2 protein chains.
Amino acid sequence: MPGFKGQAENSVDSKGRVTVPSKMRKALNPEAEKSFTITRGFEECVHLYPMDRWREMEEEFAQLNPFNRETRHFMRTVLRWADEVSLDGQGRIKMPPRLVEFSGIDGTAFVIGSLDHIEIWDPDTFDDYLNEQPADYETVAERVMTV
Amino acid sequence: MPGFKGQAENSVDSKGRVTVPSKMRKALNPEAEKSFTITRGFEECVHLYPMDRWREMEEEFAQLNPFNRETRHFMRTVLRWADEVSLDGQGRIKMPPRLVEFSGIDGTAFVIGSLDHIEIWDPDTFDDYLNEQPADYETVAERVMTV
DNA sequence: GTCAAATTCCCCACTTTTCCCCACGCGACT
DNA sequence: AGTCGCGTGGGGAAAAGTGGGGAATTTGAC
């Protein structure tokens, strides 16, 4: 089963609904049953995990030590922003208002397929993010992909 | 069975009743039979454990060495604050007055799903907690999730 | 032991939000 | 030119959260 890839710029209507690009919907595992966990990602974006993948994440979280202060801070952040959403008949999800606000989205969402999850950005925020990067693509690639 | 996640800001009425968010109620194991153990948590919050999960915790406590001074202190703290509560027909629990006072809750409760348990905070106290955190989310995530 | 007061429990009613269904427009491919 | 798939918008039904009242049970005092 292939991972998520590609990008799209879709509208976010007044009810906070965003269409999940059809190509990404086709990459969904039937096991996920059209439902996702949506939560805060890194660098002002929102992460969308298909249910089957989220289950695995939960198991990883459950292994962490709850008596460690930083673990608690981490868990509280990931989990309190998390919410369960499902595709409606039109292939859309409803973004919780607090995640719309967090990501700075206003009318338009930039959707990126990212293997096991989908990222949702405000288009302008994503541009800024790209411009902030100190190293160019080739340099980063070399560092990341060199063992 | 999915863990608890998400957040809500629900009212605490004059009788000390708080609605457990419906999404969290749906994540309950039928085995828990709508009853919980409520007790003192860490950092001025209150913890709510579904009965089935609390049973497991009790077994873990029973493994501890009762001839160790700190073990005794730990057990006395967890257990003396603990109380059993159940959902009413509207999906609410009644918070024991001493836990309302302990957490500083006054009219509004901030409820957070945290996998195997639910956390209940005073909203202002939770804000303070967040502001006290020395490291940001990205940094903490990298430290916690890097093996 | 009895009564009064307070607390708990359970039921009903209201308001707001959420969810689900239906209908439309655009573009691409046949 | 028609059809199919995809993305977009709105309206009505259902559910979630909130507040209050009355019966039953417990607590404490006399």
Side-chain angles (χ1 to χ4, degrees), chain A residues 4-28 33-38 46 48 51 80-101 105-113 118-123, chain B residues 2 4-28 33-38 48 51 82-101 105-113 118-123:
Chain A
F4 300 116
K5 54 180 172 292
Q7 66 176 54
E9 196 165 307
N10 289 351
S11 72
V12 181
D13 67 21
S14 56
K15 295 180 178 177
R17 295 179 297 189
V18 197
T19 303
V20 175
S22 135
K23 294 199 172 177
M24 299 184 195
R25 295 202 302 263
K26 283 175 182 157
L28 277 173
E33 286 172 20
K34 298 185 179 180
S35 83
F36 299 85
T37 293
I38 190 168
V46 170
L48 194 62
M51 192 172 68
R80 83 187 176 91
W81 288 96
D83 209 337
E84 192 168 325
V85 294
S86 297
L87 290 176
D88 66 10
Q90 280 63 43
R92 295 172 293 192
I93 54 149
K94 184 196 168 290
M95 290 185 68
R98 62 182 198 271
L99 284 170
V100 173
E101 194 182 354
I105 286 178
D106 178 35
T108 311
F110 189 66
V111 184
I112 307 177
I118 295 170
E119 295 198 344
I120 306 176
W121 291 76
D122 171 66
Chain B
F4 300 116
K5 56 178 170 291
Q7 67 176 50
E9 197 165 307
N10 289 352
S11 70
V12 182
D13 65 22
S14 54
K15 298 177 181 178
R17 295 179 298 188
V18 197
T19 303
V20 175
S22 116
K23 297 207 168 172
M24 300 184 196
R25 296 202 302 264
K26 284 177 183 158
L28 276 173
E33 285 172 21
K34 299 184 179 180
S35 82
F36 300 86
T37 293
I38 190 169
L48 194 62
M51 193 172 67
D83 209 338
E84 193 168 325
V85 293
S86 296
L87 291 176
D88 67 10
Q90 278 62 43
R92 295 172 291 196
I93 54 150
K94 184 195 168 293
M95 288 187 68
R98 64 208 167 107
L99 284 171
V100 173
E101 195 182 353
I105 286 178
D106 177 34
T108 310
F110 189 66
V111 184
I112 306 178
I118 294 170
E119 296 195 345
I120 305 176
W121 291 73
D122 172 66

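Note on naming: letters A, B, ... go to the chains in the order of the sequence lines (proteins, then strands), and numbering restarts at 1 for each one. The shown structure was predicted, so the numbers you read here are calculated from the model rather than taken from an experiment. The basis for the numbers below is simple: all heavy atoms, side chains too, and nothing from hydrogens, waters or symmetry mates.
Residue A:S14 places no side-chain N or O under 4.0 Å from the OP1 or OP2 atom of D:dG9. Look at B:K26 and you'll find a side-chain N or O under 4.0 angstrom from OP1 or OP2 of D:dA16. Taking only side-chain nitrogens and oxygens, A:S22 never comes nearer than 4.0 Å to OP1 or OP2 of D:dG5. Between D:dA15 and B:R25, no contact under 4.0 Å exists linking OP1 or OP2 to a side-chain N or O.
As judged by a 4.0 angstrom heavy-atom cut-off over every strand, B:K15 is placed among the base-contacting residues. Using a 4.0 Å heavy-atom distance criterion, B:D88 is classed as making no nucleic acid contact. Across all strands shown, A:D13 has heavy atoms under 4.0 Å from sugar-phosphate atoms exclusively, and none from any base.
One can place CZ of B:R17 at 12 Å from C1' of D:dG17, the figure rounded to the nearest angstrom. B:D83 places its CG atom 13 Å from the C1' atom of C:dT8, with the value rounded to the nearest Å. Going from atom NZ of B:K34 over to atom C1' of C:dC9 covers 15 Å, rounded to whole Å. What separates CD1 of A:I38 from P of C:dT18 is a distance of 14 Å, to the nearest Å. Nucleotide C:dC19 holds its C1' atom 18 Å from the CE atom of A:M95, rounded to whole Å. Remark: C1' of D:dA15 and CG of B:N10 are 15 Å apart, rounded to the nearest angstrom. Note: CD1 (A:I93) to P (D:dG7) measures 13 Å, nearest angstrom. Note: CE (A:M24) to C1' (D:dC6) measures 14 Å, nearest angstrom.
Considering B:K5, B:K23, B:K26 as possible partners of A:E84, the one that fulfils the salt bridge (Lys or Arg N to Asp or Glu O under 4.0 Å) test is B:K5.
No donor-acceptor distance shorter than 3.5 angstrom exists from the side chain of B:N10 to the backbone of B:V18, with no hydrogens or angles considered.
Between A:L28 and A:V20, the closest side-chain pair of non-hydrogen atoms is not below 4.5 Å.
Looking at every heavy atom in both residues, B:R17 comes nearest to B:D13 through NE-OD2, 2.7 Å. Between B:P96 and B:D83, the shortest heavy-atom distance links the atoms CG-OD2, 3.7 Å.
Contact annotation: side chain of A:Q90 to base of C:dC22, donor-acceptor pair present below 3.5 Å. Judged by distance alone, with hydrogens and angles left aside, B:R92 brings a side-chain donor or acceptor within reach of the base of D:dG19, the pair sitting under 3.5 Å. No hydrogens or angles were tested; on distance alone, nothing pairs the side chain of A:K23 with the base of D:dG7 as donor and acceptor under 3.5 Å.
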